[in-house]
Every structure is written in structure tokens, then in C-alpha cells.
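The chains referred to below are lettered A, B, ... by the order of the sequence lines, with proteins before strands, and numbering in each begins at 1.
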There are 2 protein chains.
Amino acid sequence: MKKTRNTRQRGIILDILRESHEHPTAEIIYRDARRVLPNISLGTVYRNLKLLVERGLIRELNGRGFGRYDGNLARHDHFTCQVCGQISDLAASEDRALHRRVAARTGFEISHHRMEFYGRCPSCRAKASSRARARKPRSRSPYTR
Amino acid sequence: MKKTRNTRQRGIILDILRESHEHPTAEIIYRDARRVLPNISLGTVYRNLKLLVERGLIRELNGRGFGRYDGNLARHDHFTCQVCGQISDLAASEDRALHRRVAARTGFEISHHRMEFYGRCPSCRAKASSRARARKPRSRSPYTR
DNA sequence: GTCCATGCAAATGCTTTGCAGCCAG
DNA sequence: CTGGCTGCAAAGCATTTGCATGGAC
């Protein structure tokens, strides 16, 4: 494995990720890092995020949208609220047993999985039901042949 | 829902997606479409992919990398080989029961999930074991505090 | 002192958009 | 006819990269 140096920039980026539960984007990490190191550049943030992912020190989420990162390495899943866009952590629902089952069925050797749930979070459900109104039936799509 | 017309371009893009099991990128769809409609533009491909996703006629994969699309709407998961990059379909491992369990535990209302497995496919496993050689112990990372 | 990492800015590459003409309904 | 669609090209934007300098070890 290539040799790396332990720079201030790198350390700060890791700190931000570990202290945040927000699954921040590169841009957000950049903004936060600038509060400590006003001269850090976006390029450096990207370079380090990439390196930290390769080293397995952080994870990259690829559910909704572009590059969001996660400093929480404990096995866990994610839930994305389709109304407000908030991403929450979920305790892992399953793991080894699931992997074994799928591997046995398919012949793939499974190292890990990524599971993302989508739906509505409690607070968006509440808001929605308070203004529950008009309901149109969904029409048949024209492309179904 | 907005009104849409049924154009040749749109139909061809849908056909390509439905006939392919390769989870093609926009670029690949564009290349294929040009064999039938040499003048179709990349912009049109993107516009239609977006529209078809909104209409629920295709799915967008967001596992590894950028925009890959899937014309197979049946509930299924994906497996990505980390060696060769190939993406395979897997029969869905679970669904309603899992959603109910997670919903009960968290209070989220779950509409669907996305599950991606990562590891090595049978053919890459075979290749790897035939040249199994040097094994270096992984060194401790310098960033673990 | 070495050579990896940084800052800065230019470059890339995927995706989106504005616009005038086109064509499905 | 009407207004959604298309091709084309320019624009957007997130991410990457080249280069000279700086700093970790």
C-alpha cells in the first residue's frame, strides 16, 4: 500500500466526518474545514475524501444524489425521506446470515452490501396527514405495450 | 400528471432498456439508439431517461458510479463484482416483511428499498485463485486515534 | 533532504438547458 | 393547429488534474 503522510488537512477532514451524523457532501466538508483552515482548497478535500475511502476510513454513500460521505464505519443502513430529503442511520438489519444465503444461492462471494430504504419520515407523515386532501387515481402509462 | 407524447426516440430508448440486461449508461443507450435513429442527440436521451424514471417506467441504479439505468421493473437487487465491475441481477431477497420490521422499529413509512451486494463473481474468483500468491499483512492505518 | 500533499486554477466529463424548428395527437 | 419534443450547441457543476511550492518524516 502506498505511503501517506498525516497532514493537518487530512486529519481535519476525518474529524469532521467522524463528528457529523449528517452525511455531508464534499462542499459542506470544505466549508466546515475552512473554519479551521481558511486556506484549504476544494481540490484537497476531494483528494483526501478519495484517499480516505480507499483506505477504508470513511464510506461513500451513493444512494440519493452525488457524493455524500459517512464517517461512521459501524455496519448500518440508511433511510432517505422522499419528502424532506433527510438521510438517517439505521441499525443494520441483517448481515452475515443474509450474505451466506445470497452467496449460496448465486455463487457470488459477498464482501458487503449496501441497503437504502426510501419512504416518509415520521415528521413528514404527520405534516402530510394534516393536510390530506384531493386524491386522483393514477392513469395508465402510454408506454406499456 | 403532465401530458406526454409518444415519440419514436422515447420508444426506442425504452426498448433498449427493456431488452438489455446490462444496466447501460446514458452514453451506451445513446450509442445503441443511434443505430436506429442516427440523428438522435445525447440531450434527448437524458431528457427521456429522466422522464421515464419519473413515470416509473425504468429505474435508475445508483450503486457504484454514475447513472446506470434498468428497464427491469420487477423487484430485484443487484450484485456488483468489485473485480470486473459487472453488475448482475438478483432475485429480491426479501421485501414486505423486511419493510414492516424496519418500519415497526423506526417509525418510518417505507415505500421501497435498494439493496446492492458487493464482492467477487464466480469467474473472477476462479481467475484469482489460480494465481494466488504473495500475501502481505495489512498495516495499521495512521489515522486511527 | 525527499517526495507526498497542498493551493490554485485550468481542465474534464457527465448532465442540463435555451432556442428555433418539428411533429404527434 | 398546438404545445410537447427534438437536435444542436452552449452552459452548468461536481470532480479531477497539472504544476510549482510547501511541509511531514
Side-chain angles (χ1 to χ4, degrees), chain A residues 1-17 23-55 57-69 85 139-143 145, chain B residues 1-17 23-55 57-58 60-69 85 139-145:
Chain A
M1 193 179 250
K2 225 175 64 176
K3 210 180 345 185
T4 55
R5 286 177 187 165
N6 196 351
T7 63
R8 195 136 145 56
Q9 291 74 344
R10 189 118 80 217
I12 285 167
I13 290 172
L14 229 204
D15 283 351
I16 290 173
L17 250 350
H23 312 93
T25 60
E27 188 64 38
I28 292 171
I29 295 168
Y30 171 58
R31 263 206 294 280
D32 284 2
R34 294 222 325 176
R35 291 212 293 262
V36 188
L37 247 63
N39 282 323
I40 193 173
S41 76
L42 233 196
T44 296
V45 171
Y46 276 108
R47 270 186 292 238
N48 279 307
L49 287 174
K50 197 173 175 184
L51 188 150
L52 291 171
V53 168
E54 281 166 7
R55 294 270 185 290
L57 293 174
I58 62 174
R59 286 210 278 160
E60 184 175 10
L61 267 61
N62 23 32
R64 126 123 265 85
F66 21 67
R68 303 198 79 111
Y69 296 85
S139 58
R140 274 307 259 145
S141 145
Y143 301 112
R145 9 140 104 223
Chain B
M1 193 180 253
K2 225 175 66 177
K3 209 181 344 183
T4 57
R5 284 178 190 166
N6 196 351
T7 62
R8 197 135 145 52
Q9 292 70 345
R10 187 119 79 219
I12 286 168
I13 291 172
L14 228 205
D15 283 353
I16 291 173
L17 250 351
H23 311 93
T25 61
E27 188 65 38
I28 292 172
I29 295 169
Y30 171 58
R31 264 207 292 282
D32 285 2
R34 290 210 342 163
R35 290 213 293 263
V36 187
L37 247 64
N39 282 322
I40 192 174
S41 75
L42 234 197
T44 296
V45 171
Y46 276 108
R47 271 186 290 236
N48 278 308
L49 287 174
K50 197 173 175 184
L51 188 151
L52 291 171
V53 168
E54 281 167 7
R55 294 271 185 287
L57 294 173
I58 62 176
E60 184 174 11
L61 267 59
N62 24 28
R64 127 119 262 84
F66 22 65
R68 304 196 78 111
Y69 296 85
S139 58
R140 270 311 257 144
S141 144
Y143 300 112
T144 349
R145 13 136 106 223

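Between A:Leu17 and A:Leu57, every side-chain heavy-atom pair lies at or beyond the 4.5 Å cut-off. The shortest side-chain heavy-atom distance between A:Arg55 and A:Leu51 falls under the 4.5 Å cut-off.
Across the interface with DNA chain D, nearest-nucleotide mapping of A:Ala26 and B:Leu37 shows B:Leu37 to be the residue nearer the 5′ end. Along DNA chain D, the nucleotide nearest to A:Glu27 and the one nearest to A:Gly43 differ in position, and the one closer to the 5' end is contacted by A:Glu27.
Contact between the side-chain N/O atoms of B:Arg47 and the OP1/OP2 oxygens of D:dC5 is not found at any separation under 4.0 Å. A close approach under 4.0 Å does occur between a side-chain nitrogen or oxygen of A:Thr7 and OP1 or OP2 of C:dT6.
Comparing C:dT6, C:dT15, D:dC8 against the side chain of B:Ser41 picks out D:dC8 as the nearest. Of the candidates C:dA5, D:dT15, D:dC5, D:dT15 carries the atom nearest the A:Leu42 side chain, counting heavy atoms from C-beta on. Distance from the side chain of B:Tyr46 is smallest for C:dT15 among the nucleotides C:dT6, C:dT15, D:dC8. Comparing atom distances between the A:Gln9 side chain and each of C:dT15, D:dT6, C:dG7 picks out C:dG7 as nearest. For A:Arg5, counting side-chain heavy atoms from C-beta on, the closest listed nucleotide (D:dT15, D:dC5, C:dT2) is C:dT2. For B:Thr44, taking side-chain heavy atoms from C-beta onward, the closest of the listed nucleotides D:dC25, D:dT6, C:dT6 is D:dT6. Ranking C:dT16, C:dT6, D:dT16 by closeness to the A:Lys50 side chain, first place goes to D:dT16. With C:dA5, C:dG25, D:dC8 as the choices, the nucleotide that has an atom nearest any side-chain atom of B:Asn6 turns out to be C:dG25. The side chain of B:Asn48 lies closest to D:dT6, out of C:dA5, D:dT6, C:dG7.
Atom CG of A:Leu14 and atom P of C:dA5 are 14 Å apart (whole Å). With rounding to whole Å, B:Arg34 atom CZ is found 15 Å from D:dT6 atom C1'. Distance, B:Ile13 CD1 to D:dC5 C1': 11 Å, rounded to whole Å. The nearest whole Å value for the distance from the CG atom in A:Leu49 to the C1' atom in D:dA14 is 13 Å. The distance between atom CD1 of A:Ile28 and atom P of D:dT15, rounded to the nearest whole Å, is 11 Å. Rounded to a whole Å, the CD1 atom of A:Ile12 is 11 Å from the P atom of C:dT6. For the pair A:Arg10 CZ and C:dG7 C1', the interatomic distance rounds to 15 Å; values are reported in whole Å. One atom, CG of B:Leu51, and another, P of C:dT16, lie 12 Å apart when rounded to the nearest Å.
A:Leu42 and A:Ala26 make their closest contact through CD2-O, 4.4 Å (heavy atoms, listed as atom of the first residue, atom of the second, distance).
Here CD1 of B:Ile13 is found 7.0 Å from CG of B:Leu52. Values are rounded to the nearest 0.5 Å.
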Check: Does the pair B:Arg10 and B:Thr44 meet the rule for a side chain to side chain contact (heavy atoms under 4.5 Å, CB included), with working shown?
Finding: CA-CA 9 Å; B:Arg10 187 119 79 219; B:Thr44 296; over 6 Å; no
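The side-chain contact (heavy atoms from CB on, under 4.5 Å) test with B:Ile16 is passed by exactly one of B:Asp32, B:Val45, B:Ile28: B:Asp32.
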